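Just below is one structure, and these are the notes that go with it.
Owing to the predicted nature of the structure, the values given are computational and were not obtained by experimental measurement.
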Amino acid sequence: MNAKVLLILAVVAAAYADKPQPQTGYGVPDSRSFEDSFEDAKYEFEWSVKDDSSGNDFGQQEARDGDNTRGSYYVQLPDGRLQKVQYFVDGDSGYQAEVNYEGEARYPDSRSRESQSRESYGPPRPTYSAP
């Protein structure tokens with residue numbers, strides 16, 4: 001019985017050894033470089049959000065052609081101003097941005113906030129009901 005098991009294992013081992021093994025070494029690199037296998041990036045997009053009930057107003061647009069990217073974005077700030085940023089990237093120049101603000105910052109009067117907070121705050125009143 002042991003001889004049969006050993007014989008079967010030997011046949012399986014010989015069949016496995018005869019099977020070609022995958023190559024694990026590095027081959028000759030392809031004649032094309034890695035960068036040549038990709039096309040230059042080219043896209044355009046734009047989006048925006050404007051919700052009057054919450055005061056949210058922001059958006060962005062961008063266009064890219066190869067290494068050149070141009071775009072802008074804007075956001076309504078809590079102080080009432082609109083912040084606009086225009087940016088570009090030309091090749092290896094890095095991110096270049098110009099920031100502008102529209103409108104004038106408005107802050108609530110600190111005295112009015114203090115009086116409102118004192119008037120509106122109070123400990124909750126207990127409520128009782130019959131069981």
Side-chain angles (χ1 to χ4, degrees):
M1 177 72 164
N2 287 341
K4 289 181 183 179
V5 172
L6 286 175
L7 181 62
I8 291 174
L9 287 175
V11 169
V12 169
Y16 183 74
D18 191 37
K19 184 178 175 182
Q21 298 298 316
Q23 298 293 327
T24 57
Y26 293 102
V28 177
D30 191 6
S31 62
R32 297 185 318 165
S33 71
F34 183 71
E35 289 93 21
D36 291 342
S37 63
F38 297 104
E39 293 182 21
D40 287 339
K42 187 170 185 171
Y43 62 83
E44 291 184 31
F45 71 86
E46 183 174 351
W47 61 269
S48 64
V49 172
K50 184 167 176 85
D51 182 27
D52 292 329
S53 64
S54 66
N56 285 327
D57 185 11
F58 51 93
Q60 178 187 12
Q61 68 85 20
E62 183 174 290
R64 179 174 178 183
D65 188 4
D67 289 337
N68 301 323
T69 305
R70 295 198 178 281
S72 65
Y73 59 90
Y74 65 93
V75 62
Q76 186 72 45
L77 298 174
D79 63 10
R81 296 178 296 166
L82 184 68
Q83 179 185 34
K84 290 185 173 184
V85 178
Q86 291 187 329
Y87 60 90
F88 67 91
V89 179
D90 289 329
D92 293 330
S93 70
Y95 180 82
Q96 306 286 320
E98 180 182 324
V99 182
N100 294 306
Y101 296 93
E102 290 181 5
E104 195 169 317
R106 294 181 311 261
Y107 302 100
D109 186 25
S110 62
R111 290 184 203 152
S112 66
R113 278 190 285 153
E114 288 175 9
S115 63
Q116 282 180 344
S117 64
R118 277 191 237 126
E119 292 171 6
S120 63
Y121 175 75
R125 293 188 167 182
T127 55
Y128 302 101
S129 60

| field | Set of residues satisfying side-chain contact (heavy atoms from CB on, under 4.5 Å) with respect to S54, sequence neighbours excluded | value | D51, N56
| request: Report yes if the side chains of W47 and Y73 come closer than 4.5 Å at any heavy-atom pair, otherwise no. | output: no
| remark: To the nearest 0.5 Å, atom CZ of R70 lies from atom CD of Q61 at 11.0 Å
| note | To the nearest 0.5 Å, atom OG1 of T69 lies from atom OH of Y87 at 8.0 Å
| side-chain contact (heavy atoms from CB on, under 4.5 Å) partners for Q83, two or more places apart | V75, L77, V85, V99, Y101
| said: Going by the rule side-chain contact (heavy atoms from CB on, under 4.5 Å), which residues pair with Y43 if we only count those two or more places apart in sequence or in a different chain? | reply: F45, E62, R64
| note | For F88, the ring-ring contact (aromatic ring centres under 6.0 Å, His included) test, sequence neighbours excluded, returns none
| task | Indicate the atoms forming the closest heavy-atom contact of R106 with G80, along with that distance. | result | NH2-CA, 3.8 Å
| field | Partner set under salt bridge (Lys or Arg N to Asp or Glu O under 4.0 Å) for R81, not counting sequence neighbours | value | D79
| In terms of heavy-atom contacts, does CD of E104 have more than 12 from other residues, nucleotides or ligands at under 6.0 Å? | no
| said: According to side-chain contact (heavy atoms from CB on, under 4.5 Å), who are the partners of E44, at least two apart in sequence or on a separate chain? | reply: A63
